[in-house]
Amino acid sequence: GYVNWCEALGTVLANDEVKDGLSERGGFPVVQREMMQWSLRVTAYAERLLSGMNTIQWSESLKTIQRNWIGRSEGAYIDFNVAGQYPVSIKVFTTRPDTIFGSTFLVLAKDHDLVAQLTSADQVSAVTQFAAQVAPSKTIGQKTTEGVWTGSYATHPITGDKIPIWIADYVLKDYGTGAIMAVPGDDERDLAFAKAHQLPVVEIINRSGLSQAAIEDKQGVMINSSFLDGMQVEAAIKYILDYLEHNKLGLRQVVYKLRDANFSRQRYWGEPFPIYYDKNGLVHEMKESELPHELPELDDFKPSPDGRSPLARLDHWASPSDGISRETDTMPGYAGSSWYFLRYMDPNNQNAFASKDALKYWQDVDLYVGGVEHAVGHLMYARFWHKFLYDLGYVPTEEPFKKLVNQGMIQGIVESLLLLKDRKEGKAHFISSELAAAREIPKEALSAIPVHISMVKDYGHPDSHLVAEGLDAFIKWRPEYTEAVFECFDGFYQAPDFGKAVFYTQSEVGKMSKRYHNVVNPDDVIEKYGADCFRMYEMFLGPIEQSKPWDTMGIEGISKFLRKLWSLFYNDQDVWVVSANPPKENSLRILHATIKKTGEDIERFSFNTAISQFMICVNELRKTDERSAEVLKPLVQLLSPFAPFITEELWQQLGEPQSVHTSTFPTFDEKWLINSSITYPVCINGKKRSEITLPVGTPNKEIETSAKELPEIIKWLEGQTIKKVIIVPEKMVNIVL
RNA sequence: GCGGGUGUGGCGAAAUUGGUAGACGCGCUAGACUUAGGAUCUAGUGCCGAGAGGCUUGGGGGUUCGAGUCCCUCCACCCGCACCA
């Protein structure tokens with residue numbers, strides 16, 4: 001069949017590897033090309049890939065992306081006979097069979113198989129010319145009404161009317177049947193096309209009385225539709241489907257956008273297929289005794305110019321004996337990524353990918369953390385693959401990934417110099433962002449020229465700016481601006497003398513990208529602050545699923561925290577200060593509160609709040625001068641998933657022979673969490689005016705009396721009548737006036 | 001156009017079940033120590049106001065003793081899909 005061929009990459013690609021007619025990797029043009037290829041029948045699992053989503057804990061957005069990709073629609077096939085060419089008929093797909101009486105013409109994709117046969121002699125030149133137009137290969141986002149008449153007519157299956165058959169760009173060959181019955185009375189695109197080519201329009205749905213109902217909404221009453229007249233749309237759909245099926249004019253059908261996935265690549269690096277062809281070209285599987293089938297050694301990995309795999313050049317391998325040839329294509333990357341996690345369950349097994357026992361024990365992947373960019377590629381194929389293995393009885397679950405969390409992207413700050421679009425005396429005129437704001441210069445009058453963040457002083461700070469060195473570096477980097485003037489608060493500066501210029505940059509949150517020259521290399525951060533600090537800061541930035549900007553300055557907060565933590569163990573003379581003395585009550589209270597809070601936070605992936613609790617805990621412990629091992633040991637254990645290196649070091653210094661990472665997470669003791677008194681906020685009409693601390697178990701009556709006696713409250717109550725007093729146990733007091 | 005999501009201080013954010021909005025951190029301000037400070041420590045820091053006090057979770061409305069949280073409505077931004085019949 002037809003496949004996505006990318007000349008530049010020298011291989012075919014799966015649909016999810018093609019975006020807007022270009023290869024996702026490299027952005028090279030991709031064309032349709034007829035080739036003999038292996039493909040995975042993912043479509044056979046479309047329905048189960050959809051229904052399975054109800055059983056897994058994935059984000060709604062990710063599920064939606066997969067649902068859109070599968071693209072299920074329920075409708076019908078309807079046959080239209082071609083007038084004068086019996087028994088030729090055109091099968092169309094529609095989700096709105098109820099609108100059949102409004103169908104005034106048919107439209108085929110221009111590469112539909114019947115086009116040549118339907119084209120009349122006098123239309124041949126028009127049709128071939130139109131078909132030959134390099135289809136603005138998926139004219140991105142643009143609707144078009146281009147098309148031509150084939151010269152033929154179809155017979156309306158119910159009314160028997162003759163309706164013209166057209167070809168047009170807006171009907172796609174690879175969706176449905178590649179042919180539609182156009183209903184300009186109820187479809188925007190059909191209507192636009194009908195208007196452009198003066199084709200008749202019949203209203204078939206009365207929407208009067210319906211407010212602003214969108215044209216696609218399945219609402220309204222049928223009109224001009226013979227026996228359907230007067231029915232509501234939903235009822236009409238059901239009725240006409242029964243009618244079509246009963247009279248053998250059509251068939252209920254569900255179609256999907258999802259297509260079978262191409263599984264052959266003309267590359268060296270990939271699993272070779274355990275397949276060979278005999279002299280008649282028939283396909284055979286390799287015997288199990290011949291497995292594993294491994295890639296042969298090769299010196300030159302480039303594809304051969306004829307579009308065949310590099311393996312095809314290796315004659316003795318490709319044709320091991322007379323009349324026998326091997327499959328020389330290899331499998332795509334997603335072959336391995338669809339099941340590697342199963343192998344982890346039993347990595348040394350020589351007989352199977354994993355033993356029954358291992359599979360029974362491990363089952364599936366409990367938690368998968370990954371980027372949303374895999375939504376329609378890897379994550380879809382892995383689910384398909386897993387269901388297939390399940391059907392064969394090789395895995396115990398239908399879904400591979402029970403719970404999935406999409407981590408957000410770390411963004412960067414884009415630092416730009418503002419350039420006035422109007423040049424000053426013919427020279428480029430840059431203006432400090434403070435000045436531009438003060439003068440209220442509109443955005444349209446300015447271009448933002450991204451500047452490399454190494455040139456910016458106080459990068460990430462609100463006052464980020466360039467001084468003389470930065471400006472020098474900038475014009476050296478962008479010589480076209482050598483002559484430019486830079487307007488700062490205290491006047492104009494120009495090369496070569498930037499003097500004491502302070503030129504403020506515009507700072508915006510955006511992607512970290514080479515294009516914006518704002519990529520922060522983790523290696524550099526780790527070099528300066530250490531891996532623990534880097535890791536913790538990434539967790540501290542915000543909720544895991546949210547994209548958030550990297551703020552270089554903020555990392556100091558975590559760095560300070562780790563130094564404070566260290567200072568609980570070593571004083572500033574680097575002397576070990578941990579003692580075996582028992583801790584005081586307050587230390588135990590904060591420790592156990594921290595065990596509880598961070599344990600719960602970890603369970604709900606709220607790492608940023610767990611870290612904030614660690615900070616509170618360390619700050620509290622530092623206020624005392626006790627350095628009790630009884631408190632510090634569990635603290636090190638709590639922190640070990642967050643700062644694995646520093647905690648391992650401290651753990652050893654605490655005299656533990658085993659790794660902290662094999663120790664068990666501490667448990668909290670409820671008795672250290674119970675308070676003897678409670679501080680109640682006292683509100684008047686829901687606004688806090690005072691507070692009062694009372695022993696636990698104070699009866700409501702007493703709470704109320706005490707609250708009313710507070711001086712601030714007395715003041716507010718003066719001359720007012722109390723309507724009621726609400727006391728929420730252990731929470732608050734609200735006096736309603 | 002359809003679908004998903006997000007709007008809270010100068011910034012990143014917290015508030016888990018309708019109950020003290022702004023925890024924690026950055027930044028900023030003042031002070032201490034210091035030859036020095038881009039180190040450390042202390043205090044302050046939502047906004048308006050001299051103060052009393054008022055205002056405040058994108059805007060407007062509602063339910064409630066009480067709303068960031070629930071309901072209605074509008075707006076802005078981000079992401080995905082997009083001629084899907």
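Below, chains carry the letters A, B, ... as their sequence lines are ordered, and counting in each starts from 1.
The base of B:U16 lies close enough to the side chain of A:Lys597 for a donor and an acceptor atom to sit less than 3.5 Å apart. A donor and an acceptor atom never sit less than 3.5 Å apart when one is taken from the side chain of A:Asn68 and the other from the base of B:C81.
Using a 4.0 Å heavy-atom distance criterion, A:Lys63 is classed as making no nucleic acid contact. Counting non-hydrogen atoms under 4.0 angstrom, A:Arg604 reaches a base of the nucleic acid. Among the atoms of the strands shown, only primed sugar atoms or phosphate atoms (P, OP1, OP2) are found under 4.0 Å from some heavy atom of A:Asn619. A:Lys548 comes within 4.0 angstrom of the backbone, heavy atoms only, and of no base. As judged by a 4.0 angstrom heavy-atom cut-off over every strand, A:Arg689 is placed among residues touching the sugar-phosphate backbone only. Among the protein residues, A:Ser612 comes within range of the nucleic acid bases, having at least one heavy atom under 4.0 Å from a base atom. Within the 4.0 angstrom heavy-atom criterion, no nucleotide atom of any strand lies near A:Lys723. Among the atoms of the strands shown, base atoms are found under 4.0 Å from some heavy atom of A:Ile726. Residue-level contact check: A:Val171 touches the bases, meaning some heavy atom is under 4.0 Å from a base atom. Contacts of A:Trp716 with the nucleic acid, taken as non-hydrogen atoms under 4.0 Å apart, involve only primed sugar atoms and P, OP1 or OP2. A:Gln546 comes within 4.0 angstrom of the backbone, heavy atoms only, and of no base. At the heavy-atom level, A:Met732 lies under 4.0 Å from base atoms of the strands shown. Residue A:Lys257 is in base contact, counting any heavy-atom pair closer than 4.0 Å across all strands shown. Residue-level contact check: A:Asn608 touches the backbone only, with heavy atoms under 4.0 Å from sugar-phosphate atoms and none from bases.
Summarising the geometry, the separation between CD1 on A:Ile616 and P on B:A13 is reported as 18 Å, rounded to the nearest angstrom. One atom, CD of A:Glu188, and another, C1' of B:C2, lie 12 Å apart when rounded to the nearest Å. For A:Trp69 and B:A82, the CH2 to P distance is 7 Å, given to the nearest whole Å. A:Trp550 has its CH2 atom 16 Å from the P atom of B:G12, to the nearest Å.
Checking A:Lys724 against A:Cys683, the closest nucleotide of RNA chain B that is more toward the 5' end is the one next to A:Cys683. Across the interface with RNA chain B, nearest-nucleotide mapping of A:Glu600 and A:Ser73 shows A:Glu600 to be the residue nearer the 5′ end.
Taken together, the paired segments of RNA chain B that extend over three or more consecutive Watson-Crick or G-U pairs, each closer than 3.5 Å at both contacts, are B:1-7 with B:75-81, B:10-12 with B:24-26, B:27-32 with B:40-45, B:46-48 with B:53-55, B:58-62 with B:70-74.
Under the 6.0 Å distance and 45° angle rule, A:Lys110 counts as a cation-pi partner of A:Phe130.
A parallel orientation is assigned to the rings of A:Tyr570 and A:Trp566, their planes being inclined by less than 30° (bins at 30° and 60°).
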